[in-house]
Amino acid sequence: MTTVGTDDALLDTLERSAVFQAIGETPLVGLENLAAAAGVGSRRLYGKWEGANPGGSIKDRIARRILVDAIASGRVTRDTVIVESSSGNTAIGLAQLCATTGLRMICVIDARTTATHRDLLRAYGVSIEVINAPDPVSGEFLPARLARVRELLAERPNSFWTNQYANQAVISAHVSTTMPEIHQALRRPPDYVYGAVSTCGTLAGCRRYAERRGWPTRIVAVDILGSGIFGTKARGSRTLPGMGAPCPPAFAAFLDKAHVIHVSEEDCRAGCTRLLTSEGLMAGASSGAVVTAALAHGESTPAGSTHVLLLPDRGERYLDSVFLHGTQAPGAAS
C-alpha cells in the first residue's frame, strides 16, 4: 500500500481513548498457594496476569503498538481496512482499538476459534471470515488463513495487514512494556520466564529485553504436542486455539537458546484447574500449559529461585474446551 503522512487526528483519537490507556500495567501476582500445593514452595512463583487487560489478553499490548506504529508511519489512515489472521485474542485486541477510531477490520479465523471469541468480534463490528478446511498440503489451518489474508489484501488496495507473525512492533511491545513491568515489580531480574508459544513474539521480546541488560534470565518456551515450532512435530492432538504452529514462525529464531517444554492438551486443562483451585484465577488454555510446565520444571531448579509465569488470557472464553470439557451439559439426558 502507499505510505502517506501521519494522520495526527486519528492517532490522537486512538491515544486518548479509555481502552488505549487501560492496556498494560497488569499485576504480577504471587502464586504461593499453587507452589505449595505442587511441592515447589521453596521457589518463588509469580503470575503476570494478562487477563487484566481490557480485551482480556496479552495481545492487547501488541495490538496497541502495531496500530500506533502503523498510523505514525502513515501506513494506516481513516480510510484503511485492517486485516489480520487470528485465533481470537489478537483480533479482539485490534478490534477494540479499531472501534474507538472508526477503522474497519476484517479478521480471518478458523473452525477452532471459540464461539465466545467470534461473538466478541461481531460485537466490536468486525467482519469475520471463517476458514473451515485446513490447508490440503500441511493439514493445518494457519496456511489456509494466511492464503485468504493475501487474497483480501490483493482485493483491497487500501488495506493493511497488521501481521502479528512477523511485525517487529510485536517484539517492541514486550521490550517496552511487559518486561519493564516485571522488572519494576520484582526489583530484580527473574531467574526464569515461562510463556506459551505460537507466533513466539512474546518470548522474543522478553529475551531481547533481558539480553540488552545482561540478565541471566532463562527463557522457557512452552509448546503444545503436535506443533512444529521447534522442528519435527511431536506427536499429539492440537485442537485448542492460540498455541503451537505448523512450522517455525519468524520470531522463533529469537528463541534458539530457550529451554523448550512440550505439553499435551490434557496438561493444559489440568494446569488451568490447578490455577483455579489454588489461586482462584480462571485463565485460558495457554496459561494452563505454562502452569503445568513451570511446576514440572521448577522441581529441578534451585530453592529460592524466581519464576515468572506469563498468564496470557482469561478463561471464560474456554469454558467448553477447557473447564467443562467432557462434561454433560446441564439438563441433558443421561
Side-chain angles (χ1 to χ4, degrees), residues 11 14-15 20 23-26 28 48 50 53 55 57-73 75-76 82-94 97 142 146 149 160-186 189-190 192-223 227 229-230 242-245 247-260 286-287 290 308-313:
L11 186 58
L14 176 65
E15 293 180 340
F20 184 96
I23 295 171
E25 299 296 335
T26 56
L28 186 72
K48 185 64 168 162
E50 291 299 296
N53 280 303
S57 86
I58 196 169
K59 298 293 188 176
D60 285 6
R61 296 177 183 268
I62 70 168
R64 180 174 65 176
R65 183 59 182 259
I66 288 172
L67 281 185
V68 166
D69 286 3
I71 296 171
S73 64
R75 292 172 292 166
V76 168
I82 302 299
V83 179
E84 185 56 287
S85 156
S86 173
S87 59
N89 284 334
T90 298
I92 290 170
L94 288 166
L97 297 172
L142 180 58
L146 296 181
V149 165
F160 175 75
W161 182 20
T162 47
N163 193 4
Q164 64 168 317
Y165 310 97
N167 192 324
Q168 290 299 309
V170 172
I171 292 180
S172 298
H174 298 295
V175 171
S176 62
T177 67
T178 310
M179 281 297 275
E181 289 173 23
I182 291 172
H183 187 196
Q184 182 179 24
L186 290 178
Y192 302 91
V193 173
Y194 301 79
V197 290
S198 181
T199 69
C200 297
T202 301
L203 288 185
C206 292
R207 178 188 171 183
R208 178 173 289 181
Y209 183 93
E211 287 189 340
R212 284 179 177 176
R213 284 152 184 78
W215 287 1
T217 302
R218 189 74 184 272
I219 301 297
V220 183
V222 185
D223 200 8
S227 169
I229 290 178
F230 296 104
M243 287 183 291
C247 59
F251 296 138
F254 292 91
L255 302 183
D256 57 311
K257 297 179 182 178
H259 179 66
V260 179
S286 52
S287 294
V290 168
V308 172
L309 285 61
L310 299 176
L311 305 175
D313 64 352

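Note that this is a predicted model, so its numbers are computed, not measured.
Taking the side chain as every heavy atom from C-beta outward, Ile58 and His174 approach each other to under 4.5 Å. Residues Tyr194 and Arg218 are not in side-chain contact: their nearest non-hydrogen atoms beyond the backbone lie 4.5 Å or more apart. Side chains of Trp161 and Leu146 form a contact here, defined as non-hydrogen atoms less than 4.5 Å apart. By the 4.5 Å heavy-atom criterion applied to side chains, Thr26 and Lys48 are counted as neighbours. Here the side chains of Leu311 and Glu50 are not in contact, with every heavy-atom distance at 4.5 Å or above. Contact of the Leu310 side chain with the Ile182 side chain is registered, since non-hydrogen atoms from C-beta on lie closer than 4.5 Å.
In this structure, the separation between CG on Leu67 and CZ on Arg75 is 10.0 Å, given to the nearest 0.5 Å. To the nearest 0.5 Å, atoms CZ (Phe230) and CG (Asp256) are separated by 10.0 Å.
Residues meeting the side-chain contact (heavy atoms from CB on, under 4.5 Å) test with Ala252, sequence neighbours left out: Cys200, Ile229, Pro248, Pro249. Every residue two or more places apart in sequence or in another chain that forms a side-chain contact (heavy atoms from CB on, under 4.5 Å) with Ala91 is listed here: Ser86, Met105, Cys107, Leu121.
Judged purely by atom type and a 3.5 angstrom limit, Ser198 uses its side chain to pair as donor or acceptor with the backbone of Gly244. In this structure, the side chain of Arg207 does not engage the main chain of Ile219 through any donor-acceptor pair within 3.5 Å. Looking at Glu181, its side chain does come within 3.5 Å of a backbone N or O of Glu25 through a donor-acceptor pair. Arg64 places a side-chain N or O within donor-acceptor distance of the main-chain N or O of Ile23, the cut-off being under 3.5 Å.
Both tests do not hold together for Arg212 against Tyr209: distance to the six-membered ring centre under 6.0 Å, angle to the ring axis within 45°.
Tested against Ser85, the residues Leu142, Thr162, Asn163 include a single side chain to side chain contact (heavy atoms under 4.5 Å, CB included) partner, Leu142.
With hydrogens and angles left out, the side-chain atoms of Gln164 and Thr199 include no donor and acceptor closer than 3.5 Å.
A salt bridge does not link Lys59 with Glu84: none of the charged nitrogens is closer than 4.0 Å to a carboxylate oxygen.
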Discussion item. Would Leu186 and Val308 count as a side-chain contact (heavy atoms from CB on, under 4.5 Å) here? Give the steps.
Written reply: CA-CA 10 Å; Leu186 290 178; Val308 172; 3.9 Å; yes
